[in-house]
Number of protein chains: 2
Amino acid sequence: MVSSRGGRPRRKRAGQYHHGDLRRALIDQALRTIDKHGVEGLTLRAVGEALAVSRTALYRHFSDKQSLIAAVAREGFRTLRLDLLAAWAREGHGEAGFQAMGQAYLAFAVARPSHYRVMFGRFVESKACDPELVQEAEGAFQALVDAVVAQQREGLVRRDDPVMLARFVWSVVHGIAMLTIDGQLPPDDGAPGRLSRYASERLRAAVAVE
Amino acid sequence: MVSSRGGRPRRKRAGQYHHGDLRRALIDQALRTIDKHGVEGLTLRAVGEALAVSRTALYRHFSDKQSLIAAVAREGFRTLRLDLLAAWAREGHGEAGFQAMGQAYLAFAVARPSHYRVMFGRFVESKACDPELVQEAEGAFQALVDAVVAQQREGLVRRDDPVMLARFVWSVVHGIAMLTIDGQLPPDDGAPGRLSRYASERLRAAVAVE
DNA sequence: ACCTGAACACCGTTCAAGT
DNA sequence: ACCTGAACACCGTTCAAGT
C-alpha cells in the first residue's frame, strides 16, 4: 500500500511529480474507495485528490475508468485464489480441506462485498479486452478444479467431469455469497452461517460417490 | 406497455400534459432502457425524452432515480413469481414441476439479464425503505418454499426445514443464473445448458430422502 | 515520459414559476 | 395536481501546454 502518512491527501509542492509507483497507488486507492463506498462511489477525481495528483494523471496508466476497475477485479481474483489454496492446504487436501475452501470463499465475499461484486458484476464489458483478468479468474477457478480432481483420486467424490462438478460447486458457493452480500437473507439472524453449514452438508451428499 | 407509436419520442405540443398514467409509462420506459442498455445506461433525461415529457416530470411520481429502479425491480419479482408458479402447475406439482421451476427461473434470468441484475444487485440501498419490494421478493421465494413443502408431503424430498432447503435450492439456481449472465462460463459452448442439466441432477440427489 | 488545468458533454436533483 | 426550464453541483474524458 502506497499511502500518504495518516491516510490524508498529501500536501503538494508546485511542479512536483508523484514519483512513486503511481499505477500501484491508483489501484490501492481505488480498492480502498470501493471497499468503503462501493463501485458506484468511485470517482476518478476523488482518487486523484486522495493521491495529491491531478484528476487526469490516471490516464497515463489506465486507458479509462473501466480499465482501473478491471485491475481491481484482477487483484481480487488473485487474493481469492491464494485464500482458497491456503485453506485447502491448511486442512490437508481432503474433505475437510474442501469444506475449508468453501468457508474461505464465503469469508472473502463477506469481508469485501464491494470488491467481490466488482469481480463478477460485469463492470468490465467484454472481458475479451482484458485477457489478464480472464486469466486470473480462471486461476481461481482452477484451484477448485484441482481440489475436485484430488478428491476423485482418493475416492471422496464421484468421477464425473471435474470441470462440470467444479462449476456446480462454484454455483452453490457463489449463489450463497451473492444472496448474502446482496441482503437477500434475513439479517441479524445468523441465516448466512446456518445456510452455509446446511449447504455444505447437502453439497457433500450431492457429490458423494454413488 | 404505454408506448408512442413506432417507439419514437412523441412530438409534443406546447402546454400539453402527459395525461396518461405517467407513472406506469415511466416504469415501462425504464424497464425497456434497462433491458437494452443495462441499469448504468439508464438516465432520467432520456426516459423523459422518450415519453415527450420534461426530465423532471418524473419527480411527481418517484422520489428519485433509486425509487424508479426499485419499482422496476418489484415488477421483476412479480413476473418471476408468476413464471415459477406457471411452471410448477404446468408440470403437475411434482418432481417434474420442480425441475420446470428451475428452468423457468434460469430462463427469466437469461432472457432479461439486466432486469435480473437490478432485482438483486443492491441498486436499492437499504430495502427497508421499500417494503413493497421486499414483499414482492418474498412472494417469489415463497413459491419455492411451497413447492418444497408439497414435495415433502409426497415423500419426494427430505424433511429438513423447508425454508432452509428452499434457500439452498435458491442458492444453486441463483448461482448458475449469475455466473451465466455475468459471462463466467465459457461462451458459445452450451456450457450454461449443460451445467443447468447437471446441477438439476445433482440437486435432486442432494435433496433426496436419505 | 509524466503531469497539468481548462474545457466539453454529460449526469441527478432543486426550485421558482406556470397552467 | 401536474408540469416546465433554468440553474447547481457533480461526473469521465480530451487536449494543448508545461517540465
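Quick note on labels: first sequence line is chain A, next is B, and so on, each numbered from 1.
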request  = Take atom CZ of B:Arg60 and atom C1' of C:dG18, then tell me their distance rounded to the nearest Å.
outcome  = 13 Å
request  = Ignoring backbone atoms, test whether B:His61 places a side-chain nitrogen or oxygen under 4.0 Å from the OP1 or OP2 oxygen of D:dA1.
outcome  = no
ask   = Quick one: does B:Ser200's side chain have a donor or acceptor within less than 3.5 Å of a partner on B:Ser196's backbone?
value = no
ask   = CG of A:Leu51 versus P of C:dT4: gap in Å, rounded?
value = 11 Å
Please tabulate, one pair per line, each protein N/O and nucleotide N/O from nucleotides 12-15 of chain D that are separated by under 3.5 Å, including the distance.
{"unit_1": "D:dG12", "atom_1": "OP1", "unit_2": "A:Leu44", "atom_2": "N", "d": "3.1"}
{"unit_1": "D:dG12", "atom_1": "OP1", "unit_2": "A:Lys65", "atom_2": "NZ", "d": "3.1"}
{"unit_1": "D:dG12", "atom_1": "OP2", "unit_2": "A:Leu44", "atom_2": "N", "d": "3.2"}
{"unit_1": "D:dG12", "atom_1": "N7", "unit_2": "A:Arg45", "atom_2": "NH1", "d": "2.3"}
{"unit_1": "D:dG12", "atom_1": "O6", "unit_2": "A:Arg45", "atom_2": "NH1", "d": "3.3"}
{"unit_1": "D:dT13", "atom_1": "OP2", "unit_2": "A:Tyr59", "atom_2": "OH", "d": "2.8"}
{"unit_1": "D:dT13", "atom_1": "OP2", "unit_2": "A:Lys65", "atom_2": "N", "d": "3.0"}
{"unit_1": "D:dT13", "atom_1": "O5'", "unit_2": "A:Tyr59", "atom_2": "OH", "d": "3.1"}

task = Kindly say whether the aromatic ring centers of A:Phe77 and A:Phe108 come within a distance under 6.0 Å.
result = no
Identify all side-chain donor-acceptor contacts of residues 87-99 of chain A below 3.5 Å with residues at least two apart in sequence or on another chain.
{"unit_1": "A:Trp88", "atom_1": "NE1", "unit_2": "A:His93", "atom_2": "ND1", "d": "2.9"}

task = Measure the distance from CZ on B:Phe62 to C1' on D:dC3 and round it to the nearest whole Å.
result = 16 Å
query = Any sub-3.5 Å donor-acceptor pair from B:Asp161's side-chain atoms to B:Val163's backbone N or O?
reply = yes
key: Euclidean distance, atom CD1 of residue B:Ile69 to atom C1' of C:dC11 [Å, nearest integer]   = 13 Å
query = Got a donor-acceptor contact below 3.5 angstrom from the B:Arg117 side chain to the B:Ile181 backbone?
reply = yes
ask   = Would A:Asp28 and A:Arg32 pass as an ion pair if we require N to O under 4.0 Å?
value = no
query = Is there a donor-acceptor contact under 3.5 Å from the side chain of B:Gln152 to the main chain of B:Asp160?
reply = yes
task = To the nearest 0.5 Å, tell me how far A:Leu44 CG sits from A:Thr56 OG1.
result = 10.0 Å
inquiry  = Let me check I have this right: for DNA chain D, each base becomes ., (, ), [, ] or |, based on Watson-Crick or G-U pairs with both distances under 3.5 Å. What is the full string?
reply    = ||.|||||...|||||.||
inquiry  = Output the rounded distance in Å from CD (B:Glu40) to P (D:dC11).
reply    = 19 Å
